[in-house]
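A short write-up of the structure that comes next.
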Amino acid sequence: MIYLILFRKMRQLKDKYRKRFFSFITSMGKLNDHDVINLLKANFKNLNKIKGNSTLQCLFPNCRNIGVISSHLYSKSFLKIIAENGKLYTKSHFPEIIGTNLEINLNEIGINEAMTFPGFCKSCENRFTFEKNLFFENSQDYYLQLLRTVCYEKRLLEIEINSNSSLIKEITSLSRNKLSHIFNPLGVKIESISGVNSIESFMMKRNKMLLKQLQKVNRFYEKFCLAFNDKFSIKIYVIKLPTSLPFFANYVGSIRMRKFDKEIRCNTVINIHPVGPMSTEVFFTDFSKHLTINFFKHLSNEEQINFFAGILKLSSSPLIQQKYWDTLTLETQTEILKLDFF
C-alpha cells in the first residue's frame, strides 16, 4: 500500500527526486554499498579479535563472578604436539568480507592466540589442572574439557548475536539518514516503510539462525551444569588411538549417521584431541544414547577415519597441522571452509 501511495505522488515530484527514488529502488538488495560494507567489515573484524571482557559473567557452573580472562579451548602444551614452528592453521570462526563476498578463511595462527575466548574468571580458569599434567587422568578431566567446548560455542554465539544486533541498529540508522533525503519530499515517514534495507533483513535472518543454534547449545550447557552439581554424572566415552591425528576438532550439536541400516540423530559433544606424539583421544558424550563405544566397534578402520574427518568438517574452529592441510583434496578443503551463513 505504501508503495502505491509513493508512485501516485511521483507524478508531482521534480525530476531530481524522481531520479533519486528510482536509483534507490534499483539498488535495493545489492551488497555493494560502501558504507554498509565498511560496517560489516568492522563488525566481523572485531568479532575475530575477541579477548577478555570485564563485563561478562564467568560460564563455569555455579560461578557468578563478573569479568573473564582470555581462556584457551585447548592448552598450549597440547597444541605444541602438532604445531610447526609454533603455528597451526584454523578457519575464522566468524565470516570475513573479501570484496563484496562473505567468506570463511583459512588463517595461520600462533599457539598463544589459538582458540581463545572470554569464558572464565581467573579463579575458574585454574580448575583445568589436566593442562599442567599433559594428560587426562579421569572422567572429571574429560568432563571439564567437554564443558569448555560447550562454553566456547555458547559464548561466541552470544557475542556474535549481540554484535549483529548493534550492527542492525547502525545500518537502520544509516539507511534512514540516507533515505530521508528521498522520502521527506514525499511527505512519507521512514518508520512507515518496512523492508527498505535488504542488508538489515539479511543480518536479521543471520541472527535468527544463530539464536536457534544458541538455544540448542544452551540445552547442552544446562545438562553439563546439572552434571557438575551431581558429581560429574554425564556418561563420557573415550577412544584411544595409537596415532597422533594432525588436528584438533570439536563439535556441539546434532549429527546424523546410519546405524544398522537406519538413520539416527545423535545429540553430542565431541573432542578429537592429540595428547602425545603417537596418541590421540576421542572423547564424547551423547544425550541421545546412540553414539557409544559399541557403535565404533562395528566400524572398520576406514569408517572410523571417515567419521573423524566428518567431525573435522563440522568443527566450527578446528586447528590443523600445516603439512596435513596440504595433503587434503581441494574438495575436502572447500568443505571445511564452507560458510553456512543461514
Side-chain angles (χ1 to χ4, degrees), residues 58-63 68-83 88 90 93 111 114-157 217-241 244-253 255 266-276 279-287 291-293 296 308 311-312 314-320:
C58 176
L59 289 174
F60 202 89
N62 299 337
C63 183
V68 294
I69 62 175
S70 186
S71 305
H72 282 81
L73 179 55
Y74 299 113
S75 163
K76 291 183 288 184
S77 299
F78 282 121
L79 296 180
K80 288 178 181 177
I81 295 169
I82 66 167
L88 291 166
T90 188
H93 191 95
I111 60 174
M115 307 285 281
T116 58
F117 70 108
F120 308 108
C121 66
K122 191 172 182 178
S123 175
C124 289
E125 183 69 18
N126 292 327
R127 291 173 178 261
F128 302 93
T129 54
F130 58 84
E131 294 184 343
K132 299 175 183 177
N133 301 331
L134 269 182
F135 62 87
F136 296 98
E137 185 175 6
N138 50 43
S139 60
Q140 179 177 330
D141 288 347
Y142 292 115
Y143 163 86
L144 288 171
Q145 181 58 30
L146 291 178
L147 168 69
R148 190 155 58 174
T149 301
V150 173
C151 291
Y152 176 83
E153 296 294 336
K154 172 179 169 63
R155 182 51 45 91
L156 294 192
L157 281 169
V217 172
N218 277 338
R219 286 196 286 270
F220 284 103
Y221 176 69
E222 288 166 5
K223 289 180 183 293
F224 271 83
C225 289
L226 287 172
F228 178 81
N229 295 324
D230 192 21
K231 298 181 180 179
F232 312 104
S233 60
I234 283 181
K235 179 66 175 176
I236 295 175
Y237 304 94
V238 182
I239 301 172
K240 297 187 178 184
L241 305 175
S244 180
L245 293 179
F247 60 84
F248 288 79
N250 62 84
Y251 180 68
V252 179
I255 54 177
C266 303
N267 298 315
T268 186
V269 183
I270 187 167
N271 261 220
I272 299 175
H273 197 300
V275 293
S279 59
T280 298
E281 294 188 1
V282 181
F283 46 96
F284 58 92
T285 186
D286 178 29
F287 297 106
L291 190 63
T292 65
I293 295 295
F296 285 95
F308 300 144
I311 297 300
L312 175 61
L314 288 172
S315 180
S316 61
S317 303
L319 290 168
I320 306 169

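One finds the CG atom of L157 at 8.5 Å from the CG atom of N218 (value rounded to the nearest 0.5 Å). Between L79 atom CG and I111 atom CD1 the span is 6.0 Å, to the nearest 0.5 Å. Within the model, atoms OH of Y221 and CG of L59 stand 5.0 Å from one another, a figure rounded to the nearest 0.5 Å. A distance of 7.0 Å separates CD1 of I272 from CG of L312, quoted to the nearest 0.5 Å. Between the CD1 atom of I311 and the CD1 atom of I270 there is a distance of 4.5 Å, given to the nearest 0.5 Å. Taking NZ from K80 and OG from S75, the interatomic distance works out to 8.5 Å, rounded to the nearest 0.5 Å.
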(message) Is there a side-chain contact (heavy atoms from CB on, under 4.5 Å) between F247 and L88? Walk through the geometry before answering.
(response) CA-CA 9 Å; F247 60 84; L88 291 166; over 6 Å; no
(request) Evaluate the side-chain contact (heavy atoms from CB on, under 4.5 Å) criterion for residues F117 and S71: first the C-alpha distance (whole Å), next the side-chain angles of each, then the deciding distance (0.1 Å), finally the verdict. (result) CA-CA 5 Å; F117 70 108; S71 305; 3.9 Å; yes
(message) I'd like to know whether F128 forms a ring-ring contact (aromatic ring centres under 6.0 Å, His included) with F120, so could you lay out the CA-CA distance, the side-chain angles of the two residues, the decisive distance to 0.1 Å, and finally the verdict.
(response) CA-CA 11 Å; F128 302 93; F120 308 108; 5.3 Å; yes
(message) Could you go through L241 and F308, starting from their C-alpha distance and side-chain angles, then the distance that decides it, and tell me whether this counts as side-chain contact (heavy atoms from CB on, under 4.5 Å)?
(response) CA-CA 12 Å; L241 305 175; F308 300 144; 3.7 Å; yes
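In this structure, F136 has its ring center closer than 6.0 angstrom to the ring center of H273. Taking the centre of each ring, F228 and F60 come in below the 6.0 Å mark. In summary, the aromatic rings of F130 and Y142 are positioned with their centroids too far apart to meet the 6.0 Å limit.
For the 3.5 Å distance criterion, the side chains of N250 and Y74 qualify, holding a donor opposite an acceptor. The closest side-chain donor-acceptor pair between Y152 and S317 falls under 3.5 angstrom.
Remark: side-chain polar atoms of T285 are paired, donor with acceptor, to backbone N or O of K235 under 3.5 angstrom.
Under the 4.5 Å side-chain criterion, counting only non-hydrogen atoms from C-beta, L156 is not in contact with S316. With a 4.5 Å cut-off on side-chain heavy atoms, Q145 and L73 count as touching.
Under the side-chain hydrogen bond (donor to acceptor under 3.5 Å, both in side chains) criterion, N138 pairs with no residue at all, not counting sequence neighbours.
Smallest separation of non-hydrogen atoms from S70 and T116: OG-CB, 3.4 Å. Shown here for T268 and D286, the closest heavy-atom pair between the two residues is N-OD1, 4.1 Å. Here the shortest heavy-atom pairing between L147 and P61 reads CD2-CD, 3.6 Å. Among all heavy-atom pairs drawn from V275 and I81, the shortest one is C-CD1, 3.3 Å. Across all their heavy atoms, H72 and R148 have their closest contact at O-NH1, 3.2 Å.
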